[in-house]
Amino acid sequence: MRKTRFLAGASIIAAGLLALTACNSGTPGAAPGAEGDSADTTQLWEVASDVSLDGSPTFERMVAADKVVVGVKEDQPGLGFKDPISDERGGFDVEIAQWIAASLGFDADKIEYKTIPSANREQELVNGNIDYYVGTYSITDKRKAQIDFAGPYLITGQGLLVAADNEDITGPNDLAGKIVCSVTGSTPLQRIRDEYNPGDTVEYDTYTQCLEQLRAGSVDAVTTDQAILAGYVAQEPETFKIAGDTFSEERYGVGLPKGDTVLKDHINTLFNDGGDVWTALFDKNLAPAGIKGEQPTADE
Ligand code: GLU
């Protein structure tokens, strides 16, 4: 799917208004994601037994099905990744999803993953096709009209990815006459159109489709969260680089069916009591790409 839209007269908002915690400062280490198998982190937690979550219809559905259906991404190294050779899933978001499942009494082999693109997340939750979603999912009021969020569990911000030899784009105010790619239904696509003034925007279902356009030279920049972009740079530092600082605050939450406050409270307590697990998952999955961050308090 490809759509093109020209923007005229979009207001330009000065970058750097918001404090950001994720940035690509540091030397990227080994590409994250490819090694993110579940085996080595399951020791970080125990699978809970005799769990009861009275008043959670989502938990009831999981128990009846004897499995947890989790929505994730599969092309975001370090966050939500599926190894194309081994089919193994890993990354910070995938392991957060496994940690939640374990706290509900479900071992990793009771998780069924569904890869769901950004634009379809709310609808999949509303339709009851997944029990929860963990995949770079920013908490927004618009989304909260349809679903609930636990968290936030990670804070990052919107950034720009360009070709490693690009010298003209150093931030979102350098986009006049440039073509910028992002993903349908994402907050970065909306923001770059509403608040900045790119020459043109194109949208696809996934960020890897945008990366291919950037590689081919048919777009000048890809925009999404810096935590996602840092994973791509870590994999291909000769080809891509991050241009400038972040220019929004993206607070990642766990997408939940609307009204399941019992499940939301359970996950928020897990996060707020689980600082050691959070740090171990962050250090394993995100720190190697140079991402910096602290655990936010889950308060939604
Ligand atoms: N965090 C942003 C969002 O939720 C961008 C990343 C994504 O598309 O998942 O829209």
Side-chain angles (χ1 to χ4, degrees), residues 1-3 18 20-24 33 70-82 89 91-94 96-97 113-126 130 132-161 172 180-196 201-214 219 221-233 242 246-256 285-286 289 291 293 296 300:
M1 173 166 78
R2 185 170 196 262
K3 288 183 220 155
L18 294 163
L20 298 159
T21 54
C23 62
N24 186 37
V70 182
V72 289
K73 296 285 181 71
E74 66 174 36
D75 67 337
Q76 298 180 173
L79 285 157
F81 192 77
K82 184 161 120 184
R89 294 199 187 244
F92 187 73
D93 284 339
V94 167
I96 291 274
Y113 297 99
K114 285 196 173 166
T115 300
I116 295 169
S118 298
N120 300 357
R121 293 180 285 206
E122 290 84 78
Q123 202 54 53
E124 293 285 323
L125 282 163
V126 168
I130 52 176
Y132 54 92
Y133 189 98
V134 192
T136 63
Y137 201 6
S138 297
I139 299 169
T140 69
D141 287 343
K142 190 172 168 216
R143 291 171 178 163
K144 273 166 54 178
Q146 288 183 275
I147 62 153
D148 281 342
F149 285 101
Y153 65 90
L154 187 72
I155 300 181
T156 178
Q158 183 168 355
L160 290 169
L161 187 82
V180 181
C181 191
S182 196
V183 157
T184 307
S186 69
T187 51
L189 179 67
Q190 199 60 46
R191 186 174 297 101
I192 211 76
R193 285 176 172 166
D194 291 351
E195 299 180 13
Y196 296 90
T201 55
V202 292
E203 61 184 84
Y204 289 89
D205 286 341
T206 65
Y207 295 108
T208 41
Q209 289 171 292
C210 282
L211 282 196
E212 292 320 309
Q213 299 302 310
L214 184 59
V219 304
V222 176
T223 189
T224 188
D225 307 332
Q226 203 90 305
I228 300 173
L229 299 177
Y232 295 133
V233 174
I242 285 174
T246 51
F247 48 95
S248 76
E249 186 177 64
E250 305 297 318
R251 300 160 78 241
Y252 288 174
V254 177
L256 300 173
N285 292 294
L286 298 177
I291 298 165
E300 289 296 312

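First listed ligand is number 1; within each ligand, the first listed atom is number 1. Owing to the predicted nature of the structure, the values given are computational and were not obtained by experimental measurement.
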What are the atoms of ligand 1, with element, lying closer than 4.0 Å to any heavy atom of Pro188? 2 (C), 5 (C), 10 (O)

Atoms of ligand 1, numbered as shown, that sit under 4.0 Å from any heavy atom of Tyr252: 1 (N)

Per-atom contacts, ligand 1 versus Ser118 - under 4.0 Å to a heavy atom: 7 (C), 8 (O), 9 (O)

Just heavy atoms, cut-off under 4.0 Å: does Arg143 contact ligand 1 by side chain, backbone, both, or neither? side chain

Give the residue, atom name and distance (to 0.1 Å) of the protein heavy atom nearest atom 2 (C) of ligand 1. Thr187 OG1, 3.2 Å

Which ligand 1 atoms, with their elements, are less than 4.0 angstrom from a heavy-atom of Thr224? 5 (C), 6 (C)

Do Tyr137 and Tyr252 have ring centroids that are under 6.0 Å from one another? no

Those atoms of ligand 1 less than 4.0 Å from some heavy atom in Ser186: 8 (O), 10 (O)

Side-chain contact test, heavy atoms from C-beta onward, threshold under 4.5 Å: evaluate it for Ile228 versus Leu79 and give yes or no. yes

For Tyr137, the ligand 1 atoms whose distance to one of its heavy atoms is below 4.0 Å: 4 (O)

Using the rule side chain to side chain contact (heavy atoms under 4.5 Å, CB included), only one of Ile291, Val134, Leu154 pairs with Phe92; which is it? Leu154

By salt bridge (Lys or Arg N to Asp or Glu O under 4.0 Å), which residues pair with Arg191, not counting sequence neighbours? Glu250

Tell me which part of Gln76 gets within contact of ligand 1: side chain, backbone, both or neither, using heavy atoms under 4.0 Å. neither

Ile139, Thr184, Val183, Asp225: member with heavy atom nearest to atom 5 (C) of ligand 1: Asp225

Between Thr223 and Gln158, does any side-chain donor sit less than 3.5 Å from a side-chain acceptor? yes

Any atoms of ligand 1 less than 4.0 Å from a non-hydrogen atom of Ile228? List them with their elements. 6 (C)

Within less than 4.0 angstrom of ligand 1, does Gln158 place any heavy atom? no

Determine, step by step, whether Thr184 and Glu203 satisfy the side chain to side chain donor-acceptor pair (under 3.5 Å) criterion, reporting the C-alpha distance in whole Å, the side-chain angles of both residues, the deciding distance to 0.1 Å, and the verdict. CA-CA 6 Å; Thr184 307; Glu203 61 184 84; 2.8 Å; yes

Quick one: does any side-chain atom of Tyr113 pair with a main-chain N or O of Lys82 as donor and acceptor, under 3.5 Å? no

Using a strict 4.0 Å cut-off to heavy atoms of Thr136, name the atoms of ligand 1 that fall inside it. 1 (N), 2 (C), 3 (C), 4 (O), 6 (C), 7 (C), 9 (O)

Should Arg89 and Thr115 count as side-chain neighbours, where that means a heavy-atom distance under 4.5 Å? yes

Just checking Tyr207 against Tyr232, ring centres under 6.0 Å apart? no

